[in-house]
Each structure stands twice: as C-alpha cells, then as structure tokens.
Amino acid sequence: MKKTIITVVVVLFAVILLGSSIYTVGENQYACTVRFSEIINTTQTPGLHFKVPFLDRVTYYPKAMELYDIPPSEVLTSDKQNMTVDCYILWRVEDPKLFYQSLGSTSVAEERLNALTYNTLKTVMGTLSQSDIINMEDAGERNEIYEGISKSVDELAGNYGIQVSDVKIKRFDLPESNENAVYSRMISERNQIAEKYTADGNYDASIIRNDVDKQVNIIVSNAKAEAAKLEAEGEAEYMRLLAEAYNTDDKKDFYEFTLALDALKQSLDAEDKTIILDADSPLAKILLNH
C-alpha cells in the first residue's frame, strides 16, 4: 500500500514536472523564456518547446499587426490656432527581447506610442498654418505628410523593438470657438472664387458676342452689296431687253400704245370716270371709232 502511494506520488510529480517543462507557441506569437527577470531565449517557431520547470516562465507577444486608435488630442498650428487631431497607428512587435526589456507589455507600448505620435504630430503641424491644413486639396501632399509622420514615429519606436508601418489621420476637428470664423472665411473664399469665374465668363461671353455681331454685320453688308449688284444687273438686263424688243418705229409705237392702254385702264378703274384726251390721240381715235 505504501509502495503504491509512493508510485502515485512519483507519477504525479513526473506529470507536473513534465507539464511545467513544456510550452506551446502559436503561429502569430513570439515566446520569450524568462529566468529570474532575464530573457534567456526567444522563439517564434510554432509548436512544442521546453523550459526549465519552476525556474523559467514564458511571456507571449503578438506577431501580427496591431491597430491602436489614439485618443483625439489638440495641436497648435504655426499661426497659433488650436486643432483637434484624431488618428490611429498600425504597429507590430519586431524585436520581442528589446520590447520586453524596454516596455514589457502591449498596454505600456500603446501608452508610449501615444506619446511618440502626439509629439511628432505637434512638431509637424506646428510647421503648417490652419488655412493650409483646411484648404489642402492635393491628396499627394497629404500622403507626404502622413509618410513623414509615420517615418518619424517608426524611427523613435524602433528603440523599443516596435515597427510602426503607418500613422493615419482620420480627421481634423476645429475647436468650437474657431468653427464659425473658419467656416465664414471658407464661404467668403468660395464666393470670391465664384465671382471671379462669373466675371471671367462674362468677359469671354462679351468677346464672343462682339465677334458674332461683327461677323453678322459683315455678312449682312456683303449680302446687301451683292443684292444691289444683282438688282443693278437685272435693271440693266431689263433695259437691254426693252431696247432689243422695241428697236424699230413700229415696235416703238406699239409699246407706247400698250402704255397708253394701261394708263387708260387705270384711269377707268378710278372713281372719276371723266377722261380728257387730245383729238389726235390714238386712244381718242379708238374710243371715238375714227
């Protein structure tokens, strides 16, 4: 019985000893083996690993990229205007040993990243005026600012075994005391731009209208000149045809007779039916049947 108890105790101790000497590492983990507060081994190979039982302990850190949403903070622009910046950081543990020695935990790391990012933002935004930040319409210029901030924060975070891959500004907010003034200034600027566009459009329209009026006048003048020319040519042709048609005395007398008949017809159509003719007039001879 006593021997059985001893065997059970030995087996139980062996199980505990074996369990204390084995640890596992996941795919997205760093494992740091710590002995008396000093790292003696670091691994990122997934699977089973061994350590000295009761003396060694294992601290795990994530290998994957972490997102830390920094609380909004105020910065001062070069023209001494306050702005609230809201941003986030993408970071990961690059050197787990240095990370453990300098920070020890992800919560402390986030506090340190918060301070590093705020100081960098304060420095960079201190070189820009509020109007430059608000009116910055070139996405490429904004990206250059973001890249500069990310690079600066990454260099500082490297001292803690951290790699910062990106710092993104979600938005800039104006303090309530400045919002109305800034919005009024922006509206005024847009109105000035609109007025300039309107003035330029009216100027261009007046040039186009003047050019069209000039072309119309030229076309009408040319048309009138061409019409006068054609009319003169028609009159000349008409007179030529008349001359050819009545180029003998008989034809001339007949033409004069037809003219007299037309005159008589117009006279008879009038209200006054009295006609005074010379006795030698051809019309008088016809009417009197002489």
Side-chain angles (χ1 to χ4, degrees), residues 1-73 85-124 143 145-170:
M1 183 66 180
K2 184 177 181 181
K3 191 174 182 179
T4 302
I5 294 175
I6 292 174
T7 302
V8 172
V9 171
V10 170
V11 171
L12 183 60
F13 179 76
V15 171
I16 295 174
L17 186 65
L18 181 63
S20 300
S21 62
I22 296 175
Y23 64 95
T24 59
V25 180
E27 287 285 346
N28 292 322
Q29 286 182 321
Y30 291 110
C32 298
T33 304
V34 182
R35 182 180 298 168
F36 304 120
S37 300
E38 182 180 350
I39 292 180
I40 61 173
N41 183 46
T42 300
T43 182
Q44 56 180 325
T45 305
L48 289 175
H49 296 269
F50 296 92
K51 63 182 180 66
V52 176
F54 308 117
L55 293 180
D56 298 343
R57 61 183 176 86
V58 180
T59 301
Y60 296 97
Y61 297 117
K63 287 171 57 178
M65 193 68 65
E66 300 287 322
L67 186 148
Y68 175 49
D69 193 357
I70 297 179
S73 57
V85 183
D86 190 5
C87 62
Y88 65 88
I89 302 176
L90 294 176
W91 67 281
R92 58 182 292 271
V93 177
E94 185 177 37
D95 186 342
K97 184 175 182 178
L98 180 58
F99 183 83
Y100 172 81
Q101 293 172 343
S102 57
L103 300 173
S105 66
T106 55
S107 60
V108 176
E110 289 178 346
E111 291 177 1
R112 191 61 52 88
L113 287 172
N114 190 354
L116 294 177
T117 305
Y118 173 72
N119 290 334
T120 303
L121 284 172
K122 184 171 65 174
T123 301
V124 173
N143 290 334
I145 294 176
Y146 296 156
E147 289 173 3
I149 294 173
S150 299
K151 184 177 179 181
S152 298
V153 176
D154 181 52
E155 291 177 355
L156 296 172
N159 297 322
Y160 306 103
I162 295 174
Q163 177 194 6
V164 175
S165 61
D166 204 359
V167 176
K168 276 291 188 291
I169 297 175
K170 294 190 290 185

### Query
Which residues pass the salt bridge (Lys or Arg N to Asp or Glu O under 4.0 Å) test with Arg57, sequence neighbours left out?
none
### Task
If a pair satisfies salt bridge (Lys or Arg N to Asp or Glu O under 4.0 Å) and one of its residues is in residues 23-34, list it, with sequence neighbours excluded.
none
#### Entry: All side-chain contact (heavy atoms from CB on, under 4.5 Å) counterparts of Ser152, not counting sequence neighbours
Thr120
### Message
In the structure I gave you, are the side-chain heavy atoms of Leu67 and Tyr88 within less than 4.5 Å of one another anywhere?
### Response
yes
### Message
List the residues meeting side chain to side chain donor-acceptor pair (under 3.5 Å) with Asn114, not counting sequence neighbours, and say none if there are none.
### Response
none
### Query
Is there side-chain contact between Val34 and Tyr100, with at least one heavy-atom pair below 4.5 Å?
yes
### Query
Taking only residues two or more places apart in sequence or in another chain, which ones pass ring pair (Phe, Tyr, Trp, His ring centres under 6.0 Å) with Tyr61?
Phe99
### Query
Say you draw a straight line from CD of Gln29 to NZ of Lys63; how long is it, rounded to the nearest 0.5 Å?
9.5 Å
#### Entry: Any donor-acceptor pair under 3.5 Å from Tyr30 side chain to Val93 backbone
yes
### Task
With sequence neighbours left out, write down each residue that passes side-chain contact (heavy atoms from CB on, under 4.5 Å) with Gln163, or none if nothing qualifies.
Arg92, Glu94, Asp154
### Query
If you round to the nearest 0.5 Å, how far is CD1 of Ile89 from CG of Leu113?
5.0 Å
### Sequence neighbours excluded, every pair satisfying salt bridge (Lys or Arg N to Asp or Glu O under 4.0 Å) that has a member inside residues 158-170
Asp69-Lys170, Asp86-Lys170, Asp166-Lys168
#### Entry: Residues that Lys97 engages under side-chain contact (heavy atoms from CB on, under 4.5 Å), provided they are two or more places apart
Ile39, Thr42, Asp95, Gln101
### Query
If every non-hydrogen atom of Tyr160 is compared with every non-hydrogen atom of Arg112, which pair is closest and at what distance?
CE2-NH1, 3.0 Å
#### Entry: Qualifying residues under side-chain contact (heavy atoms from CB on, under 4.5 Å), relative to Thr123, sequence neighbours excluded
none
### Task
Decide side chain to side chain contact (heavy atoms under 4.5 Å, CB included) for Ile169 and Leu121; before the verdict, give the C-alpha distance in whole Å, the side-chain angles of both, and the deciding distance to 0.1 Å.
CA-CA 10 Å; Ile169 297 175; Leu121 284 172; 4.0 Å; yes
### Query
Roughly how far apart are Lys122 NZ and Thr117 OG1, rounded to 0.5 Å?
13.0 Å
### Which residues share a salt bridge (Lys or Arg N to Asp or Glu O under 4.0 Å) with Lys151, sequence neighbours left out
none
### Message
Filter on salt bridge (Lys or Arg N to Asp or Glu O under 4.0 Å), then keep only pairs touching residues 36-49, sequence neighbours left out; what's left?
### Response
none
For residues 102-109, please give each side-chain donor-acceptor pair under 3.5 Å, one per line with the distance, not counting sequence neighbours.
unit_1: Ser102; atom_1: OG; unit_2: Leu98; atom_2: O; d: 2.7
unit_1: Ser105; atom_1: OG; unit_2: Ser107; atom_2: OG; d: 3.2
unit_1: Ser105; atom_1: OG; unit_2: Val108; atom_2: N; d: 3.4

### Message
Just verifying a value: how many Å separate Glu155 CD and Ser150 OG, rounded to the nearest 0.5 Å?
### Response
11.0 Å
